[in-house]
Amino acid sequence: MSSAVVPPGALVFPGAKGGPLRRSGFNTRTRWVDAVKEMGLPGLHLHDLRHTGNMLAAKSGAGLKDLMARMGHDNVRAAMIYQHAVRGADRTITDAIDRQIIGRDDEEDGSAGMPVPVS
């Protein structure tokens, strides 16, 4: 994990002084086991939420450096797991490029479907 400074209010579960919690004190300080049991999700681990967040970030189009920063990692290995999992983004990328090139479909001058300059 990197030692980056955490902005105030950025952590869902801050430590006593506002910084990140140590792994050893997480369950006790947050009462995690009680909270997930109360939600009807016994067995849910904080890491499951981290994994979900990283998958959603990768699906949003986040690059390796962005994923690494979010995850607090200095190497690409972990971030590549999430990038690999969303490799099916080719269709989404192609559709986005098409929308930029073709432009709007509701042009009044009959130019719908004509290439338009992209700035």
- d(H73 NE2, L64 CG) to nearest 0.5 Å is 12.5 Å

- Message: So which atom in L67 and which in N54 form the shortest heavy-atom distance, rounded to 0.1 Å?
- Response: CD2-O, 3.9 Å

- Query: If two hydrophobic side chains count as joined below 4.5 Å and joins carry through other members, does F26 share a cluster with V33?
  - Reply: no

- Message: Using 0.5 Å steps for rounding, measure from the CG atom of N27 to the NE2 atom of H45.
- Response: 9.5 Å

- Message: Give me the atom names and distance for the closest heavy-atom approach of P14 to L11.
- Response: CD-O, 3.7 Å

- On a heavy-atom basis, the closest approach of A57 and R70 is CB-NE, 3.6 Å

- Query: With a 4.5 Å heavy-atom cut-off, do H51 and D48 have their side chains touching?
  - Reply: no

- Aromatic plane relationship, F13 with W32 - under 30° parallel, 30 to 60° tilted, over 60° perpendicular: perpendicular

- Interatomic distance, R31 atom CZ to K37 atom NZ [nearest 0.5 angstrom]: 11.0 Å

- Message: Can you give me the closest heavy-atom contact between G15 and L21, atom names plus distance?
- Response: CA-CD2, 3.4 Å

- Note on the structure: Between L49 and L44 the two heavy atoms that sit nearest each other are CD2-CD2, 4.3 Å

- Task: Compare all side-chain heavy atoms of M71 with those of Y82 and state whether any distance is below 4.5 angstrom.
- Result: yes

- Message: Are V12 and L56 linked, directly or through intermediate hydrophobic residues, by side-chain heavy-atom contacts shorter than 4.5 Å (ILVMFWY only)?
- Response: no

- Stepwise, does the side chain to side chain contact (heavy atoms under 4.5 Å, CB included) test hold for M68 with D74? CA-CA 7 Å; M68 288 168 57; D74 294 329; 5.7 Å; no

